[in-house]
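Bear in mind the structure is a predicted one, so any value in this text is a computation, not a measurement. Protein chains get the first letters and strands the later ones, always in sequence-line order, with residue 1 at the start of each.
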Amino acid sequence: MSSPTHAEPVVHARPHKINVRILRQDGPGQPSYWERHQVDYEENMNIISVLQRIASQAMTVEGKKVTPVAWDCGCLEEVCGACTMVINGRVRQSCSALVDRLLKEHATEIELRPMSKFPVIRDLMVDRKRMFETLKRVEAWVPVDGYDDMGPGPKLSRAQQEENYPLSECMTCGCCVEACPQYTKIEVHRRPGETDDQYDQRKRETYAQGFVGAAAISQAVLFNSHPTGANIANERMAVLTGTGGVQDCGNAQNCVAVCPKKIPLTRSIARAGRAATLYALKRIFDH
Amino acid sequence: MNATNANFLTRHDFLIRRLHSLTGLVPVGCYMVVHLLVNSSLMNGPGAFQTNVNQIHSLGRALPLVEWLFIFLPLIFHAVIGVWIIRSGKTNTDQYRYLNNWRYTLQRWTGVVAIIFIFFHVFHLHGWFHGEWWLENVARPWGMANFKPYNAASTLATALQGFLWPIFYFVGIVCCVFHLANGIWTMGITWGVWTSDRAQKGASIVCCIGGIGLLIVGLSALSAAITTDVQQARNVEDAMYKLRVDTGEIVDNPEKRYHAPESLGDSTEEASPDEDVSE
Ligand code: HEM
Ligand code: SF4
Ligand code: SF4
Ligand code: FES
């Protein structure tokens, strides 16, 4: 038996090429298909830089000319959430997904897929509108309307600030809902002759039937624990106990495991559950 | 499911899910704990077990009402809504192999096993309905409805002979106990009893220990049932039957007794209440 005689460990000899398998889709509602690409290895690459090379080559590994692969990005420092996709089977931001680390997980290939819970716009770009609509439904803000000086706001205790700050880091990236077994994809296709407004309206109504998801639950909890935000706490609770509310969570706790901001989502969910219990009892007895 | 049903369920989503959660513990979960504890009294012999069963059957005519109102109906509600909940999600343990995600998936699998197990378990021993027509034409011809409350241990042991039924009961008990123990943990999150990460971890450990305890109780009941000596148990039960009928603690009801197959023509087991069995 000729085993390697050198003491040299099986160092990840820097590859010359990186193989990338991409799940592509030409447009909303179109069928998806796999495509293989290859780019030259460079040091300190992230998935965004790989995708830049792939788009500029616009050629598969077999040498076939193709349209450039489309993707989305913004901040390039894991704060906007726009670049989120499923990389090697796990949802994460492509700007902070480092190639060297990915190759250590899986040496021969990197696999890129768009998030599976949102409608695909093109290739790796998805439409997270459902998340933003849900944030509007739970009124994830502090309601201070008007131009008049309302004086200084109420003070938050140090402890409360420390509890709230992590929740405020959410970037609506979608990782939590992508990994959630209870959050299922809703895609609304445009009907012939439908105006933009009609289509938007129908999307909003359909999205409102689905699970709100961990991010929106956590934002509702955040603004309900703000002294001024709490003015409309009951409106938020009405959404959280309505169709697709916090009760749809099945406690798989994937959300908290994949959140790039390490937001204590399951804590927020349990707090929302407690508030929902009290809110429902109040509704029964205060009627 | 048609659109109206789906609409009714989604419109009352919150209430229905919370009722589903509640019925899992009260009455179904509580009943299961009592049920396994009572069964484990068989470890102390057929007499101890018979005493507990007599206690339950002293409810007499009210028993079917109690059974349906507090056990079968809540269980059927929990099971039907459970299936609806299972269908509303999509497990992804192949992609996200986290412990809690496995628990989520197992909660669903054990729920499905529980439906199958409980359906056949109740049919096998209880028969589902007490009507004579049902028992004569459906349950008994299929080898079901084997349990005779006034011959509790002996009919139970007879029904569990062979190796298929014991395996079936083993799997059923393991799944139901996991489902309850893990269910109590998720319930604490659902209702907001344990909210912080630490509290949830602590509750998880407590539920795990409680589950192991209940599993030991359930499995010792099963092993006691399998190892019971049928003839010896029957003698004890028949003696107890006579005494308890004489003192009026239980109602004389031949339906709830064991009757030897007629072809054998051996009437010792069919001791009529007038005969003195004990002496
Ligand atoms: C032995 C009988 C059973 C007991 C003691 C029991 C108990 C429980 C408990 C305590 C919960 C926790 C509720 C919560 O998380 O809020 C639960 C959840 C659940 N049960 Fe059962 N159950 C039983 C049978 C069944 C059956 C037959 C099904 C049908 C498939 C089922 C399906 C479910 C599901 C899907 C959940 C998860 C609900 C959720 O996370 O939203 N269970 N059960
Ligand atoms: S909670 Fe975390 S995973 Fe979910 S959207 Fe916000 S940042 Fe992303
Ligand atoms: S804990 Fe709830 S919200 Fe989070 S992944 Fe699980 S089911 Fe989804
Ligand atoms: S580009 Fe903003 S998070 Fe990646």
Side-chain angles (χ1 to χ4, degrees), chain A residues 86 88-91 111 113 116-117 163 175-176 178-185 208-212 221 237-258 262-281 283-284, chain B residues 3 6-22 24 81-82 84-108 111 182-201 203-204 207:
Chain A
V86 179
N88 283 355
R90 187 184 182 283
V91 66
E111 184 200 273
R113 276 181 284 165
S116 63
K117 304 292 173 77
E163 198 166 309
C175 285
C176 53
E178 171 69 17
C180 171
Q182 290 289 114
Y183 195 93
T184 44
K185 178 174 181 173
Q209 298 294 307
F211 180 30
V212 294
V221 167
M237 290 321 298
V239 177
L240 287 194
T241 57
T243 301
V246 65
Q247 70 277 2
D248 281 18
C249 164
N251 298 306
Q253 307 210 332
N254 285 352
C255 49
V256 76
V258 298
K262 306 230 168 349
I263 297 173
L265 293 167
T266 43
R267 167 134 217 243
S268 293
I269 289 166
R271 284 171 70 191
R274 178 183 287 180
T277 307
L278 298 175
Y279 173 78
L281 287 175
R283 288 251 331 243
I284 294 173
Chain B
N7 270 334
F8 178 83
L9 287 175
T10 39
R11 251 185 301 130
H12 301 282
D13 199 15
F14 183 77
L15 181 68
I16 290 169
R17 295 245 190 179
R18 283 297 171 96
L19 278 179
H20 175 260
S21 172
L22 188 67
I81 299 300
W84 173 64
I85 291 175
I86 292 173
R87 290 170 43 133
S88 76
K90 196 162 175 290
T91 56
N92 57 7
T93 13
D94 48 341
Q95 202 174 345
Y96 298 100
R97 297 159 194 237
Y98 308 120
L99 176 64
N100 289 336
N101 198 25
W102 272 109
R103 291 167 72 170
Y104 167 91
T105 302
L106 284 175
Q107 184 72 7
R108 275 138 189 82
N182 192 56
I184 290 173
W185 178 68
T186 58
M187 212 177 158
I189 306 171
T190 301
W191 293 80
V193 181
W194 27 83
T195 59
S196 74
D197 198 36
R198 254 191 59 188
Q200 289 184 18
K201 284 216 172 80
S204 199
C207 288

*Quick one: list whatever passes side chain to side chain donor-acceptor pair (under 3.5 Å) with B:Ser21, sequence neighbours left out.*
B:Trp191

_Residues B:Asp197, A:Arg267: salt bridge by 4.0 Å N-O rule_ = no

_Among the listed options A:Val246, A:Thr184, A:Thr266, A:Leu240, the residue most often paired with chain B at heavy-atom distances under 4.5 Å_ = A:Thr266

*Could you check if a side-chain atom of B:Ile189 sits within less than 4.5 angstrom of a side-chain atom of A:Gln253, using non-hydrogen atoms only?*
yes

*Mind checking the CD1-OG1 spacing from A:Ile269 to B:Thr195? Nearest 0.5 Å is all I need.*
12.0 Å

*What residue, out of A:Gly273, A:Ala272, A:Pro181, has the most heavy-atom pairs lying under 4.5 Å from chain B?*
A:Pro181

*side chain to side chain donor-acceptor pair (under 3.5 Å) between B:Tyr104 and A:Gln182: does it pass, once the steps are laid out?*
CA-CA 10 Å; B:Tyr104 167 91; A:Gln182 290 289 114; 2.5 Å; yes

*Answer yes or no: is there a side-chain heavy-atom contact under 4.5 Å between B:Ile16 and A:Gln247?*
no

_side chain to side chain donor-acceptor pair (under 3.5 Å) partners of A:Ser268, counting only residues at least two apart_ = A:Ser218

*Is a donor on one side and an acceptor on the other found under 3.5 Å between the side chain of A:Thr243 and the backbone of B:Thr10?*
yes

*Portion of B:Thr91 that has a non-hydrogen atom of chain A nearer than 4.5 angstrom*: backbone

*asked:* Heavy-atom pairs under 4.5 Å with chain A - which of B:Tyr98, B:Trp194, B:Tyr96 has more of them than the others?
replied: B:Tyr96

_To check you understand the geometry: which heavy-atom pair defines the closest contact between B:Gln200 and A:Ala270, and what is its length?_
NE2-CB, 3.7 Å

*Just how far is it from atom CG of A:Asn251 to atom CD of B:Gln107, taken to the nearest 0.5 Å?*
9.5 Å

_Interatomic spacing from CD in B:Gln95 to CG in A:Asn88 - rounded to 0.5 Å_ = 11.0 Å

_Exam field: side chain B:Asn92 to backbone A:Ala179, donor-acceptor pair closer than 3.5 Å_ = yes

*asked:* When you measure from the side chain of B:Asn101 to the backbone of A:Asn254, do you find a donor-acceptor pair of N or O atoms at a distance under 3.5 Å?
replied: no

*Interatomic distance, B:Arg17 atom CZ to A:Cys249 atom SG [nearest 0.5 angstrom]*: 9.5 Å

_Report which part of A:Val91 has an atom under 4.5 Å of a heavy atom belonging to chain B: side chain, backbone, both, or neither._
both

*Check the pair B:Asp13, A:Asp248 against side-chain contact (heavy atoms from CB on, under 4.5 Å), reporting the backbone distance first and the verdict last.*
CA-CA 8 Å; B:Asp13 199 15; A:Asp248 281 18; 2.6 Å; yes

